[in-house]
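As structure tokens, the structure follows; a few thoughts come after it.
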2 protein chains.
Amino acid sequence: MLQYRKMSTMPRLAKNYRLVFDVVRKQGHGRHLATADVFRLVKRRRVGIGFTTVYRALAKLRDLGLISEIHLPGADSAYYEPAGDAHAHFRCDLCGSVKDIAYVPSKRVVAQLAQSNAIEVNDVILSLHGRCVSCRERESA
Amino acid sequence: MLQYRKMSTMPRLAKNYRLVFDVVRKQGHGRHLATADVFRLVKRRRVGIGFTTVYRALAKLRDLGLISEIHLPGADSAYYEPAGDAHAHFRCDLCGSVKDIAYVPSKRVVAQLAQSNAIEVNDVILSLHGRCVSCRERESA
DNA sequence: CTAGAAACTGAAAACCGTTTTCAGTTTTAG
DNA sequence: CTAAAACTGAAAACGGTTTTCAGTTTCTAG
Ligand SMILES: [Mn+2]
Ligand SMILES: [Mn+2]
Ligand SMILES: [Zn+2]
Ligand SMILES: [Zn+2]
């Protein structure tokens, strides 16, 4: 699970893959694009592109460690964001909005869990679920 | 999200729903049944039952808080286990096996995250991913 | 340059877990 | 008993994603 942080060390990408990457990267961190959002934005720049190609690009970029693919219980498609520091996600049960949460279980705790369970942990995924600010406001009205 | 821990306070369940509940409950904690596993085990006791009914039973039991439904990135169906204390799950990327992990972010940390992000957190889902013991052994051979 | 191999492309079809629809049957409440 | 509510199962639909196919484009030797 390599990660190319610098463009200089980044492998040469096909034109379309590059386009998909640019679309995801341009959102910056904290924005979470559903697969359908990526399609829409990519099509805006290259009308004829097939959704198969976009799926393949997303998979490759994910494998290269350039973007991260987010799966949240309750959401019905994957979400994408540029690769960056590990963090958790909050998803509103009511409106489906997704928000970054600056927290991740400490390395020490995870190492301890790995040891006591005799497993090798390569990834830790944390998601919070509940009601977002605006949904809480709207509901209390 | 109520939870009926005692049979005495448990609502009356239709025969089939009861059957599905028994199948899940009989596995005890620490066993994780994929939807297909539940079908198989239920059909063993009631041959003619339709999978639609099983899906409906699982949804209702989940809503009643009697069982918990687990969604793990990488797995292609839901898993079920009897309701119990909160815990995390480990899923082996290679063989797909699922294991309970006795850890959950502390109430204090979650409350702090909720406050600083102005969200209401109703659920915290933590999953670990990597290689299980047997897969590590098999790979090193 | 010129093969040939490897990577990429997009339409269409397949996939597959899950949900919905339909036309009933069974159970419950009064 | 009677009407409403809950439950049932077959079949069809759903929807995000993957696979297949028949090419086209790009890369790598030589
Ligand atoms: Mn994020
Ligand atoms: Mn468990
Ligand atoms: Zn919301
Ligand atoms: Zn394994």
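Chain identifiers are assigned alphabetically (A, B, ...) following the order of the sequence lines, protein sequences preceding nucleic acid strands; residue numbering begins at 1 within each chain.
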Say whether A/His71 and B/His71, considering side chains only, have a donor N or O and an acceptor N or O under 3.5 Å apart. no

Mind running a 4.0 Å heavy-atom check of residues 42-56 of chain B against DNA chain C and sending the residues that fall below it, in number order? B/Phe51, B/Thr52, B/Tyr55, B/Arg56

Separation of A/Arg12 atom CZ from D/dC27 atom P, in whole Å? 6 Å

Is A/Ala78 touching bases, backbone alone, or none of the nucleic acid, heavy atoms closer than 4.0 Å? sugar-phosphate

B/Glu81 with B/Arg31: basic N within carboxylate O range, under 4.0 Å: no

Establish, yes or no, whether the cationic atom of A/Arg25 lies under 6.0 Å from the six-membered ring centre of A/Phe21 and within 45° of the ring axis. yes

Going from CG on A/Asn117 to NZ on B/Lys99, what distance comes out if it is rounded to the nearest 0.5 angstrom? 4.0 Å

Using a 3.5 Å distance criterion without hydrogens, assess whether the side chain of A/Arg136 forms a donor-acceptor pair with backbone atoms of B/Ala118. yes

Could you check if a side-chain atom of B/Leu64 sits within less than 4.5 angstrom of a side-chain atom of B/Leu13, using non-hydrogen atoms only? yes

Take the C1' atoms of the five end pairs on each side of the helix from C/dC1-D/dG30 to C/dG30-D/dC1, derive the two axes, and give their angle rounded to 10 degrees. 40°

Report the distance from atom CZ of A/Phe39 to atom CD1 of A/Ile49, rounding to the nearest 0.5 Å. 10.0 Å

For the pair A/Lys60 and A/Asp63, find out whether any cationic side-chain nitrogen is under 4.0 Å from an anionic carboxylate oxygen. no

I need the NZ-C1' distance between A/Lys60 and D/dT17, as an integer number of Å. 19 Å

Going 5' to 3' along DNA chain C, which nucleotides are the first and last within contact of chain B (any atom under 4.0 Å from a heavy atom)? C/dG17 to C/dT21

Compute whether any side-chain donor of one residue and acceptor of the other, for A/Asp100 and A/His32, lie under 3.5 angstrom apart. yes

Looking only at side chains, do A/His129 and B/Asn122 share a donor and an acceptor under 3.5 Å apart? no

Toward the 5' end of DNA chain C, by each residue's nearest nucleotide, A/Ala14 or B/Phe39: A/Ala14

